[in-house]
2 protein chains.
Amino acid sequence: MKCGSYEEFFKNFANKTKFKIIMRLKNKPMSVNELSKAMREEQSKISHNLAKLARCSILNVKQKGKQRIYSLNKDTVMPMLKLVEKHVEKHCDMRCKK
Amino acid sequence: MKCGSYEEFFKNFANKTKFKIIMRLKNKPMSVNELSKAMREEQSKISHNLAKLARCSILNVKQKGKQRIYSLNKDTVMPMLKLVEKHVEKHCDMRCKK
DNA sequence: TAATCATATGAAATGTGGTTCATACGAAGA
DNA sequence: TCTTCGTATGAACCACATTTCATATGATTA
């Protein structure tokens with residue numbers, strides 16, 4: 001990845017938009033437009049965010065005609081989310097939403 | 001934890017100061033002043049940051065006389081860091097500093 | 001209980017990243 | 001090659017998190 005630091009890597013999980021993208025891509029790879037429509041967000045917003053996610057190899061891209069299909073790097077992301085889930089289960093108090 | 005969301009949780013790793021604190025506490029628990037001096041940062045800065053880390057149960061606190069000793073929640077944090085290390089090893093290019 | 005040490009806290013100032021908007025680029029088909 | 005569709009990009013703007021500074025609180029000891 002061209003990601004310059006651990007901090008940069010983690011920023012991708014520390015942001016609502018990026019986190020939602022990650023969640024969407026857990027199910028299936030998607031193009032920019034698909035994501036944009038599914039999330040009801042501007043195309044450029046999604047695009048900017050995808051760029052940063054891909055830069056840290058959290059997502060992979062492949063071209064398919066005019067579209068770019070983004071997919072999740074599950075090897076890293078899935079166990080990461082599991083860890084946090086466990087953490088929340090253990091330490092979460094009433095105020096915690098998720 | 002009183003941490004309201006995954007995003008809030010991850011913000012602690014996505015910030016230089018907080019990340020440095022985490023790294024320091026990998027070795028041994030420390031008081032606010034110890035950290036402050038070791039990191040050459042203002043006491044209040046450290047204190048503010050510690051508060052957020054503790055709020056998400058990334059750190060634990062215990063009182064010891066006048067001091068408050070902060071320690072790392074290794075159960076969650078260590079495997080988390082391992083995951084990212086692996087990720088970096090696999091995907092990191094030349095520009096990557098760590 | 002006064003003084004001191006260690007830490008926390010609030011608000012203002014500062015810094016930084018995210019979104020928006022306009023536009024450019026690239027691929028594919030007519 | 002012109003047009004259209006899909007996506008990327010740059011800069012200005014905005015929102016929010018972080019730091020700073022002054023001060024308050026809590027624990028301990030003389």
Side-chain angles (χ1 to χ4, degrees), chain A residues 1-25 28-71, chain B residues 1-25 28-72 97:
Chain A
M1 62 184 180
K2 294 158 193 175
C3 188
S5 64
Y6 282 29
E7 287 91 70
E8 185 177 343
F9 177 85
F10 280 113
K11 266 177 194 142
N12 292 292
F13 294 86
N15 171 273
K16 276 183 192 168
T17 307
K18 295 188 188 69
F19 193 80
K20 283 181 189 168
I21 290 174
I22 290 171
M23 286 312 181
R24 291 275 177 180
L25 295 179
K28 58 167 190 227
M30 288 192 190
S31 74
V32 181
N33 256 330
E34 282 178 309
L35 278 167
S36 178
K37 284 175 183 170
M39 295 174 60
R40 300 185 177 185
E41 300 272 16
E42 273 203 62
Q43 176 267 319
S44 73
K45 179 175 174 179
I46 298 299
S47 196
H48 276 297
N49 279 282
L50 287 171
K52 295 197 174 175
L53 285 159
R55 183 178 143 84
C56 289
S57 299
I58 291 167
L59 304 185
N60 302 310
V61 210
K62 66 175 180 187
Q63 194 86 20
K64 184 187 173 188
K66 299 177 186 176
Q67 313 181 88
R68 292 200 182 177
I69 309 296
Y70 285 84
S71 59
Chain B
M1 63 182 181
K2 295 157 192 175
C3 188
S5 64
Y6 282 27
E7 288 91 68
E8 185 177 342
F9 177 85
F10 279 114
K11 266 179 193 140
N12 292 293
F13 294 87
N15 172 273
K16 276 182 193 172
T17 307
K18 294 188 189 70
F19 193 80
K20 282 180 190 171
I21 290 175
I22 290 171
M23 286 312 179
R24 292 276 177 181
L25 295 179
K28 58 167 191 228
M30 288 192 191
S31 74
V32 181
N33 256 329
E34 282 178 310
L35 278 167
S36 178
K37 284 175 184 170
M39 295 173 59
R40 301 186 177 186
E41 301 271 15
E42 272 203 64
Q43 177 267 319
S44 74
K45 178 175 175 179
I46 298 298
S47 196
H48 276 298
N49 279 282
L50 287 172
K52 295 198 175 175
L53 285 158
R55 184 178 142 84
C56 289
S57 299
I58 291 167
L59 305 184
N60 303 309
V61 210
K62 66 174 179 185
Q63 194 87 19
K64 184 188 174 188
K66 299 176 187 176
Q67 313 183 87
R68 290 200 183 177
I69 309 296
Y70 285 85
S71 59
L72 191 61
K97 317 162 195 169

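In what follows, chains carry the letters A, B, and so on, assigned in the order in which the sequence lines appear, proteins first and then strands, with residues in each chain numbered from 1.
Distances were taken from every side-chain heavy atom of E42(B) (C-beta onward) to each of dA17(D), dA27(D), dT20(D); the shortest belongs to dT20(D). The V32(A) side chain lies nearest to dT7(D) when the options are dT7(C), dT7(D), dA27(D). Closest to the side chain of S44(A), from the set dT18(D), dA22(C), dT7(D), is dA22(C).
Using a 4.0 Å cut-off, no side-chain N or O of Y70(B) falls inside it from OP1 or OP2 of dA6(C). A sub-4.0 Å separation between OP1 or OP2 of dA17(D) and a side-chain N or O of N15(B) is absent. Residue R68(A) places at least one side-chain N or O closer than 4.0 Å to OP1 or OP2 of dA8(D).
On a pure distance criterion of 3.5 Å, a polar donor-acceptor pair joins the side chain of Q43(B) and the base of dA8(C). Judged by atom type and distance alone, H48(A) reaches the base of dT20(C) through a side-chain donor-acceptor pair under 3.5 Å.
Along DNA chain C, the nucleotide closest to K11(A) and the one closest to G65(A) are compared, and the more 5′ of them pairs with K11(A). Along DNA chain C, the nucleotide nearest K18(A) and the nucleotide nearest V61(B) are compared for position; the residue whose nucleotide lies closer to the 5' end is V61(B).
In this entry the distance linking CG of N49(A) with P of dA8(D) reads 12 Å, nearest Å. For L53(A) and dA8(D), the CG to P distance is 12 Å, given to the nearest whole Å. Taking atom NZ of K37(A) as the reference point, atom P of dG6(D) lies 7 Å away to the nearest angstrom. Computed from coordinates, the M30(A) CE to dG6(D) C1' distance equals 17 Å when rounded to whole Å. With rounding to whole Å, K66(A) atom NZ is found 7 Å from dC5(D) atom P. The distance between atom CD of Q63(A) and atom P of dG26(C), rounded to the nearest whole Å, is 11 Å. In this structure, CD of Q67(A) is placed 11 Å from P of dA8(D), rounded to the nearest angstrom. Summarising the geometry, the separation between CD1 on I69(A) and P on dA8(D) is reported as 11 Å, rounded to the nearest angstrom.
The two residues S36(A) and I46(A) have their closest heavy-atom pair at CA-CG1, 3.9 Å. Residues F9(A) and C56(A) come closest through the heavy atom pair CA-SG, 4.0 Å.
Put simply, CD1 on I21(B) and CE on M39(B) are 5.0 Å apart, with the number rounded to the nearest 0.5 Å.
Side-chain atoms of E8(B) and R55(B), non-hydrogen and from C-beta on, do get closer than 4.5 Å to each other.
As judged by a 4.0 angstrom heavy-atom cut-off over every strand, T17(B) is placed among residues touching the sugar-phosphate backbone only. No contact: K16(A) has no heavy atom under 4.0 Å from any strand. Nucleic acid contact class of K64(B) (heavy atoms, under 4.0 Å, all strands): none.
K18(B) and N12(B) are not linked by any side-chain donor-acceptor pair at a separation below 3.5 angstrom, with hydrogens and angles left out of the test.
Ring orientation note: the planes of F19(A) and Y6(B) are nearly perpendicular, at an angle over 60° on the 30°/60° scale.
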